[in-house]
Every structure is written in structure tokens, then in C-alpha cells.
Number of protein chains: 4
Amino acid sequence: MKRNQVRNQIVETASRLFYKQGYNATGVNQIIEEAGVAKASLYQHFHSKEDLLVEYLTIKGTETDNALRAVADSHREPKGKVLAIFDFLASLMGQQEYYGCNFLNISSEIPTGTPRLTELVKKQKDNVRAMFREILKPVHKEKLADELYMLFDAALITNKVHGDAWPVKTARKMAEKIL
Amino acid sequence: MKRNQVRNQIVETASRLFYKQGYNATGVNQIIEEAGVAKASLYQHFHSKEDLLVEYLTIKGTETDNALRAVADSHREPKGKVLAIFDFLASLMGQQEYYGCNFLNISSEIPTGTPRLTELVKKQKDNVRAMFREILKPVHKEKLADELYMLFDAALITNKVHGDAWPVKTARKMAEKIL
Amino acid sequence: MKRNQVRNQIVETASRLFYKQGYNATGVNQIIEEAGVAKASLYQHFHSKEDLLVEYLTIKGTETDNALRAVADSHREPKGKVLAIFDFLASLMGQQEYYGCNFLNISSEIPTGTPRLTELVKKQKDNVRAMFREILKPVHKEKLADELYMLFDAALITNKVHGDAWPVKTARKMAEKIL
Amino acid sequence: MKRNQVRNQIVETASRLFYKQGYNATGVNQIIEEAGVAKASLYQHFHSKEDLLVEYLTIKGTETDNALRAVADSHREPKGKVLAIFDFLASLMGQQEYYGCNFLNISSEIPTGTPRLTELVKKQKDNVRAMFREILKPVHKEKLADELYMLFDAALITNKVHGDAWPVKTARKMAEKIL
DNA sequence: TATGAATGAGAGTTCATTCAT
DNA sequence: AATGAATGAACTCTCATTCAT
């Protein structure tokens, strides 16, 4: 297997398992087994399991940023962009393999005292805040950005807790009201 | 060690460690060592580490319910009650040993397929929703209860992510607006 | 509960479990739970789990002796007595709750270096040898006693291994031939 | 430690201890300590202690088959082959480190409900039965095979119980008579 | 005498990581 | 560069027994 194929297999498998099962519940043995690579190969590409988690969060961060911006770009008016984002969340939550927000899930699972991980999560969420600010800039409502971001995370976390669609609907309604 | 202090020691120590370090990061060995009891004593009182987690969540659930209701009871008007709750959150978050919401922390850490744990978290959050409904009943604004609850959880989770006081302030402001 | 009731409950429960599950596979917790007595009560009547095993073997030894002699007594001729014993074995093996010979089962399970236990088993088997000698005395064939005893144990052990009725039939046939 | 010596060390040590002390009385800690390997190394080669028992029984099964057939092959006449087998048993039982039949010892120790283990023992004993049938085929006395097998196991089990040489002598005599 | 909590020691198993090939 | 066996440390849980009440 080519070097890059090996690395890709590892990252893809780890990402899938970290998301579905959680970081702690996923062992390196399961990763290498399902990825079909040797154990030492994993440690040649990543110094530790934690490094693999960083890679996972970084990739998902970029993917999420792009996805959200694509959704926003598909609408012209700020309000439409914002509401489309909540609709996007709703559609995500309806998917079969949805297990919650990649970043919030990890956030509670990682041990305290690992700044680079907590920073990664924070940075990702700051990107969301920045996105809302950009969206609201044309209509001079940047100060509402953090409120929308909080509704965004509220939708994610309460959907996770209650396993139901009502939170994102409520969040959308609240967003609509404050705009 | 004294008979009925053993159980208390176990529960108190486990609660402290589960909260500070997380459930997975806390081993029974650490619990018994810091509690100063024998390992078999722990398993005399709790069939498994998971049972100990249930006890922890149950106790914290009751404590949290009581604390929130006490805060609400200290004000007369619904709006005052609600705002006091967000002020209470802010004061909690300012404490030295605050590590986030007991229940949201556990929520992302427990493996799927443990319904009694997910149910415990959900039930606790439903208590908060019910509390807001009760508070708003006199002014016939019960339909805002879930919105306030979402701001409540939004404050908790975004404070956790950002390690800062701004989220709870923003949440409070939003609550004030919608009331 | 009266003292003797407690002791009886313990002995009966332990006997049942030792026989069905084996000595090692039966824990004192299971015994006291199913017997409905306190743990310390068990240790008041028996200094150790091993002592309980001794009691079990002693009781079963007497019961087995009596049962075999009763079977032998029900026939007049030595040959009839012997064949009746093998028929008795066959009927035992056909029972629902038959799990093999109490003594041979224990024999392989007990750690070496416990003379009092190995002696108990040996003594029980010597009783069987003596019984066959007594039976054969009237016809002056005492020297066949050990041969019959070996067929007796052969039937027990091979029935255990093969889980089938053929061994005892074969043993009976062999006994008939040598008489 | 050298790569492929680890597995050998584990198997040899476990075999020695399982035979001498029994399966239940032998812990994985003792095995790895006496084998001089790490605990995780044991579990790299065997998924469980029970798997190690299967390996032990399988190896001893082959060894026993070979040894018995070698003994039989050293004689020309069926009767000579059979008696040589009983002489072989007698010589085994005279050895310093003889603790009984590997298979009968395990038979009573393993919990019911582990078919692969009971089947292994049964299969080994069926090999003995088949061997006797083969030996007796040339003289058309195959129907005596199971009788000889029963004397074979009778010798093993009663030697174990009585710790004496008389059973195998008696079994040999009986074999001689029926042939 | 009867109790049930408390215990030290050890059970079997799995973890993330490293090393020799 | 790629491998798979080897590893120390830690895991959750259970054992037979004893002690305080």
C-alpha cells in the first residue's frame, strides 16, 4: 500500500470511529484493524493517538467551515443565510449517521490540561462566530453574531441530549425573531 | 474505617473525580485510593463503576434542581426569577472548581447504548424545562420555556468551550429580550 | 432462623451447587444468597469453604453407601446384586439432574496437597470395593471385587466424558461376563 | 525476549502448570511470571486463558495419540499391542511428575456450557477407542474395543483416586482375560 | 449467636506505545 | 518504509475471609 493510501486509510477510519464511538471508546487496535494497516504504520504517521485526534478535528473543522459557508452563500440576504444555516443543521440531525457535533462531543471527552485540543474546538467555534459576523455585517447587526452562535450551539447540544428535532426548530424560531 | 462512612467517602470521592477529570479518565483504583477504602468495599456498594456514575448523576441532579429552585424562589416576578438563574450560572462559572455542567459533560462521554445514563441526563434537563414553564405560568408565557432552557444550555456549553464569561452574559441579555 | 436450620440450609445449598457447578465455580456469596443466610453465619458453622466441601463429601458418602447397599440388598444372589448396581448407575445417569459422580468430580478439581480431601474420595471408593467384596464373599469370588469396582468407576467416568448411556451398558456386560 | 520463543514459553509454562496444579488453580499471573513474558504478550497470542487451555489440550492430544500408537506399533500381535498399552500406562504412572490423565483431569474442572472443551476431551477419548478398534480389526474383535477403552480409563481414574499401582495391574489382567 | 459491611489479594483482560526485523 | 510481536501499566471486577456491631 502506498504511503499516502496508508495515511488516508488511518485518518478516515479513525475519523469515522472517533465520531461514531467517541475518542476514548476507540482503541488504536480497532483503528488499524478496520483500516487494514500495521500498528507501527500508524505510529509512523502519528506520534500518538492524540495526534490522530488533532488531525481529525482539523479536517472536520475545515469541512464544517466550508459546508457552512456554502450554505450561507446559497442565499443572498443575511436573514436567509442565517435561517438556511439552521435548516442545514436540521437536515444534518435527520441523517442516519448523525451523532452530534464533532467538536462538542470531543470537548467533554478530552482530559483537561490539553490546551491544543481545547484550542482546536474553541477555534472552530470562533470560526462560526466570525461567519455570523460576516453575514450580518452588510446589515450592521454584527452584535447579534454571538447570539446566533449561541443558538447554533444550543441547537447542537440540546438535540444531542434530547434526541429530538424540536431544539433546532426552536433555535431557528429564536433566530428569526432576533433578526 | 467506620461502617457507613465508607459509602459516603466513595460517593464523594467519585463525584469529585468524575466531575473534575471525567468518567473515563477516572479509574476505580484512583477512587478507592483517594477515598481510603478497599476495592471490594466499592463493589459491595455499587455493582459496577457505571452504577457509581448513576449515583453521582442522581445526587447532582437533585442538588441542581434544589439550587435552581432556591434561586428562583428568592425572586417574586417571573422575569426576576429567570434573570436570577442566569446570574446564578454566572456565579457558578466564576468559581475555582467549576468544570462545566455535570450532565452535559457526561453526555458526550458515555457510550451510546446505555439508555439509563442518557435518560438521566435528559430527565435532568427536562426538569430545567419544567422549572422555566412553572416560572412563566403566572404570566402565561409557558411557550417561552424551551427558549429559555436553550439559552440556559447554550450558556453552559459555550462557556465550557470558550472558557470565558461572555456567553452567560449574552444568554442573560437574550433572555431579558425575549421576556 | 434456628441454628440448625441455618446450618442445614447452608449444607443443602452448598451441596446442590458444588454438585451442579463444581467446587471452584461456586462462590460463598452464591451459597449464602441462595441459602438465605448471612455470610458470617456460614463461617460460624464452617471455618472455611473447604470445610463445607468436607461436609458435602461426607454426607454424600454416607448417602451413596446406603443407596448402593439398599440396591444390593434388594437382590438375593451375588450376581443379581452386582448387576442391579450397574442398573442403578444407569438409572442415575438418566436423571435430569445427574452431573456425574460427586467424588470423581471433586477429585480432579481439588488442589493437590489437600490430603483430607483426597482421602475422603479414596475412602468412599474403598467402601465400594468393600461392598463388592462382601457381595462376592458367599460365592468365594472376592478377588473379582476390584475388577467390578473398576468397571463401576469406568462407567462413571466414561459416561461423564461421552455424555451417553453406552458406557454403563458396556460395563454391565463386562461385569456379567466376568462373574 | 526473542520473538517466537515467547509463544513457546507461554505454552510450555501453561501446560506444565495446568497439568500440575489444574486449570482453575493456575492464574495468568503465575504463567507469565514463570514464563518470563509480559501479560499483554500472552493475550497477543491467545484471546483468553481458555484459548490457552484449548492449545494445551490440543497439543497433549496429539502427543498422547502419537505415544500410544508408537507403543502399539512396537508389537506385532493385537494382544501384545493392547497389553503394551497398559504397560505403558503403568510406566507413566510410575513417573515422578505424573498427575493423572490430562484430559480426565480437565474434564471435571471445566464448567458445563463450554462445548469446545468437553468436545476436545471426548474427541481425544474417541481416538483411543478408534485405536483399540484398529488394533483388534485383524483378529475381528472390534466389538471389544470399547471394553478395552473402558479399562484404559478405569486404570487412569482409579490410579488417580487411590494413588497406587494396583489399578493398572488389575486393568491389564482384565484386558488379558477378555482378549 | 447472628449479622452485613469491610477487606487484601488477586482474578482475567486491554490499553497506547515501542522495538527488532 | 512497513511490519507485527512484545511490553509496562492500568483497567474493571471477584475471591474467601474477618471484624465491628
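Naming: A, B, ... by sequence-line order, numbering from 1 per chain.
Rounded to an integer number of Å, the gap from CG of D/Leu42 to P of E/dC15 is 16 Å. As a whole-Å value, the separation of B/Gln44 CD from F/dT18 P is 16 Å. Distance C/His47 NE2 to F/dC19 C1': 15 Å, rounded to the nearest Å. Between the CD atom of C/Gln9 and the P atom of E/dT3 there is a distance of 12 Å, given to the nearest Å. Between the NZ atom of C/Lys39 and the P atom of F/dA20 there is a distance of 17 Å, rounded to whole Å. Here F/dT12 presents its P atom at 8 Å from CD1 of B/Ile31, a figure rounded to the nearest Å. Here F/dC11 presents its P atom at 10 Å from CD1 of B/Ile32, a figure rounded to the nearest Å. One can place OH of A/Tyr43 at 16 Å from P of F/dG4, the figure rounded to the nearest angstrom.
Between B/Gly27 and B/Ala40, the residue anchored closer to the 5' end of DNA chain F is B/Gly27, taking for each the nucleotide with the nearest heavy atom. Position along DNA chain E of the nearest nucleotide to B/Ala38 versus D/Asn24 favours B/Ala38 as the more 5'-ward residue. Both B/Glu50 and C/Tyr23 sit near DNA chain F, but only B/Glu50 has its closest nucleotide nearer the 5' end.
Within the structure, a side-chain polar atom (N or O) of B/Asn29 is placed less than 4.0 Å from OP1 or OP2 of F/dC11. The shortest distance between the side-chain N/O atoms of C/Ser41 and the OP1/OP2 oxygens of E/dT3 is below 4.0 Å.
Side-chain contact, D/Thr26 with D/Gln21: a donor N or O sits under 3.5 Å from an acceptor N or O. Using modelled atom types, one finds no donor on one side chain facing an acceptor on the other under 3.5 Å when comparing B/Ser108 with A/Glu109.
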Open item on the list: Dot-bracket for DNA chain E, please. Rules: Watson-Crick or G-U, both distances under 3.5 Å, ( ) within the strand, [ ] when a pair crosses earlier ones, | for another strand, . otherwise.
Closed with: .||||||||||||||||||||
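Between B/Glu63 and B/Lys60, at least one side-chain N (NZ, or NE/NH1/NH2) sits under 4.0 Å from a carboxylate O, which counts as a salt bridge. Between B/Arg16 and B/Glu97 there is no salt bridge, since none of the side-chain N atoms of the basic residue sits less than 4.0 Å from a carboxylate O of the acidic one. Ionic pairing of B/Arg7 and B/Glu55 is present here: one or more N-O contacts between side-chain nitrogen and carboxylate oxygen are shorter than 4.0 angstrom.
With hydrogens and angles disregarded, no donor-acceptor distance shorter than 3.5 Å links the side chain of C/Gln9 to the backbone of C/Val37.
A/Lys49 comes within 4.0 angstrom of the backbone, heavy atoms only, and of no base.
For residues 6-43 of chain B, the set of pairs meeting the ring-ring contact (aromatic ring centres under 6.0 Å, His included) definition, not counting sequence neighbours, comprises B/Phe18-B/Tyr23, B/Phe18-B/Tyr56, B/Tyr19-B/Tyr99.
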